[in-house]
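Worksheet: the structure to be examined is printed underneath.
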Amino acid sequence: MRGERGGGEYGGKCGDSPLRGQSPRRLLWVIFVLMMVLMARPGWGEDDPAGSWEGIRLERMSPGVGGAVGDTVGDTVGDSPLRGQSPIAWGQSPTAWGQAPSGTVPDSLGVASDLFDLLSLDSAVFVAERGAGGVQADVGIRGATPEETVVSINGASVNDPQTAHHNLDIPIPMSALESIQITKAASPYFFGQGAMGGNLNLVTRRPEENICQGKAAYGSEDTRETGFYVSRADNEAGVNAAFEERSSDGWRHNTDARTMAASSSVLWEPTSNISTYALAAYGEKEFGANGFYGAYDSKEWTDTTYLSWNTELRFEDWTLKPQLYSRRHHDKYILDVWRPDYYRNDHQTDIRGLIVEGEKLWKGLGILTAGVNAVEEKLISNRLGRRGRDRFSSFVSWRAYEDSARGYDVFVRLDDFSPYGTKVLPGGGLYMRPMPKLKLRSTVSAAARAPTFTELYYVSPANVGNPDLAAENALNVDAGMEWGDAERDAVTGGVEFFERWSDDLIDWVKDRSSQSAYVARNVTRTVSRGLEVSAEVQPARWWRLSGNYTLIRSDIQKDPAVISKYALNHPEHRAVLRAALFLAAGEQDVTLSYQDKSGMYSEVLVDATLRYRLRPDCLLFLKMKNLGNTSHEDFLDSPLPGREFLAGLTFDL
């Protein structure tokens with residue numbers, strides 16, 4: 001369950017208030033037709049003049065340790081270069097040996113209003129929404145639950161110990177993001193306990209250039225978006241600031257929403273051997289949670305504060321990387337706004353952590369990486385009481401030197417998580433190139449997850465926690481190959497097979513023969529196995545066709561007399577096909593996505609985006625979602641919007 005943030009009456013729109021205005025569909029269709037006419041001139045994809053708003057990278061990473069990012073496939077919209085230097089996160093950094101074939105997703109900050117827009121382009125990432133615009137969203141990788149998927153900022157996990165639901169509640173504006181790194185498979189070495197299915201690492205944008213930009217957009221259901229990004233830098237230091245706000249009347253009763261996020265960071269590099277970076281971010285959400293926990297006019301408010309400080313000290317053959325971070329999250333939930341005292345949740349969670357990583361280079365032999373990670377978690381809740389726990393981890397890895405033919409990486413992590421004792425989590429991987437354009441690789445890695453406070457202590461008429469829950473354990477194995485060179489070949493792609501064994505999986509179950517509450521229990525074993533296929537064809541500079549497909553089959557050993565609430569709530573088949581045209585006046589793309597939950601539903605959604613350069617420093621865009629007006633939902637009795645439009649501008653100031 002979600003919670004609320006202290007006392008006081010509810011605010012904002014609520015109850016049976018009507019929607020404020022109708023969708024401006026006729027005007028948006030006129031804009032759509034006009035842009036199609038203006039863009040119907042083939043060109044050679046000039047560099048995007050508003051390019052510094054472009055280029056959030058969505059990268060496939062391996063579950064290994066230390067080192068540089070491997071090859072990526074594709075490029076950003078308008079072929080705009082990656083801002084700044086390496087997209088590797090501060091602190092713990094992924095390696096190249098397990099790099100999978102997908103890479104940079106051609107999308108832009110000016111169009112991508114939320115993380116859902118970008119993550120939905122990867123067929124192995126399932127983002128389940130209860131509210132449009134990512135306002136209520138859970139993310140899982142390769143069939144893992146949200147609790148088994150870690151979301152981190154610059155390498156530091158920000159998963160809420162109260163509950164992992166809504167794990168995309170991130171206080172970072174889209175304009176402040178540099179890249180999104182996706183690790184598919186257990187990845188405890190970098191991101192700590194819980195990364196059983198994978199990790200999403202959000203790498204923030206460092207102030208390394210002088211720019212000032214703005215954004216404004218308007219769309220269906222009276223949706224309004226505004227934002228700006230400012231950065232100033234010199235030879236030694238830089239500072240930036242970002243802000244975005246979004247509001248909508250909602251597509252049905254009690255689905256109105258308002259979100260805000262702001263961040264600022266400072267970079268100081270007095271010498272070539274010292275680099276220090278500080279980040280502060282704050283975000284708020286307020287939304288109608290229609291039907292979230294029953295036939296009530298529910299409302300929810302959240303606010304999140306995030307602070308971090310990272311330093312990198314570089315010497316001749318070794319590097320030291322200390323990192324401090326803190327996250328405070330308030331969550332207020334009212335079941336019925338007409339009776340605010342009938343049922344309400346108030347939660348405040350705090351996470352404070354320290355990561356210290358050292359890396360030693362032995363010439364001719366390899367790289368040794370070792371470090372420690374200490375985390376404190378606290379909760380104050382009217383439903384769960386006052387709770388707290390600590391965990392301490394140590395890790396070590398050895399990476400042999402990579403060359404054009406082969407390489408390997410091994411690691412082990414020790415997690416001491418009160419009150420669940422010490423977990424030993426080993427892993428490793430290797431790759432080889434039998435031919436210049438063919439790469440073979442395989443990985444194996446273990447992970448563990450402690451229960452959330454909700455799974456342990458929550459009690460309501462519908463859900464009952466279990467303080468005797470054991471920790472989950474998982475073992476991941478995958479193997480694959482990729483072919484082609486993204487910079488030289490017109491055809492690239494890859495195939496990957498994976499399997500995950502999970503013991504003591506935590507799920508909410510209830511007896512089929514009664515109306516009893518869901519109770520948190522450890523399920524004996526779950527096996528998930530699957531296949532990922534990706535390909536990209538670019539016969540000319542002015543157009544590209546790319547696609548990816550994921551098949552996941554899961555078997556769960558449980559009592560057939562019980563009903564499962566969250567486990568295996570993933571599509572069995574998911575495919576994404578994307579066509580992009582780079583024309584003289586701008587770019588346009590069409591995305592077709594298909595997903596099938598065996599025995600529940602299947603759906604096909606079509607989205608399109610047009611971009612038109614009004615002038616060198618101004619970009620006009622039109623974003624259209626669910627063009628077929630398909631009825632769809634990710635959760636039972638939580639329908640999602642039909643056809644949506646958003647038109648706007650990004651511009652330099």
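- Ion pairing of Lys299 with Asp256 is present here, as a side-chain N (NZ or NE/NH1/NH2) and a carboxylate O approach within less than 4.0 Å.
- Every residue two or more places apart in sequence or in another chain that forms a side chain to side chain contact (heavy atoms under 4.5 Å, CB included) with Val266 is listed here: Val239.
- A donor-acceptor contact shorter than 3.5 Å links the side chain of Thr550 to the backbone of Ala124.
- A donor-acceptor distance shorter than 3.5 angstrom exists from the side chain of Asn240 to the backbone of Ser265, with no hydrogens or angles considered.
- Remark: the His329 side chain and the Thr349 side chain contain no N/O donor-acceptor pair separated by less than 3.5 Å.
- Between Arg246 and Glu244 no salt bridge is recorded (no basic side-chain N to carboxylate O distance below 4.0 Å).
- When atom types are taken as modelled, the side chain of Asn629 and the backbone of Arg643 share a donor-acceptor pair closer than 3.5 angstrom.
- How far CD of Gln162 is from CD of Glu377: 12.0 Å, rounded to the nearest 0.5 Å.
- At distances below 3.5 Å, at least one donor-acceptor pair connects side-chain atoms of Arg574 with backbone N or O atoms of Asp122.
- Panel note: side chain Asn626, backbone Asp607; no donor-acceptor pair is recorded below 3.5 Å.
- Atom CD in Gln588 sits 11.0 Å away from atom CZ in Phe582 (nearest 0.5 Å).
- Shortest non-hydrogen contact noted between Phe621 and Leu649 is CE2-N, 3.8 Å.
- Checking side-chain atoms of Asn254 against main-chain N and O of Gly288 turns up no donor-acceptor pair under 3.5 Å.
- Defined by atom type and a distance below 3.5 Å, a donor-acceptor pair is present between the side-chain atoms of Thr311 and Thr276.
- Minimum heavy-atom separation, Cys212 to Val230: SG-CG2, 3.8 Å.
- The pair Asp589-Arg611 meets the salt-bridge criterion, since a charged nitrogen lies less than 4.0 angstrom from a carboxylate oxygen.
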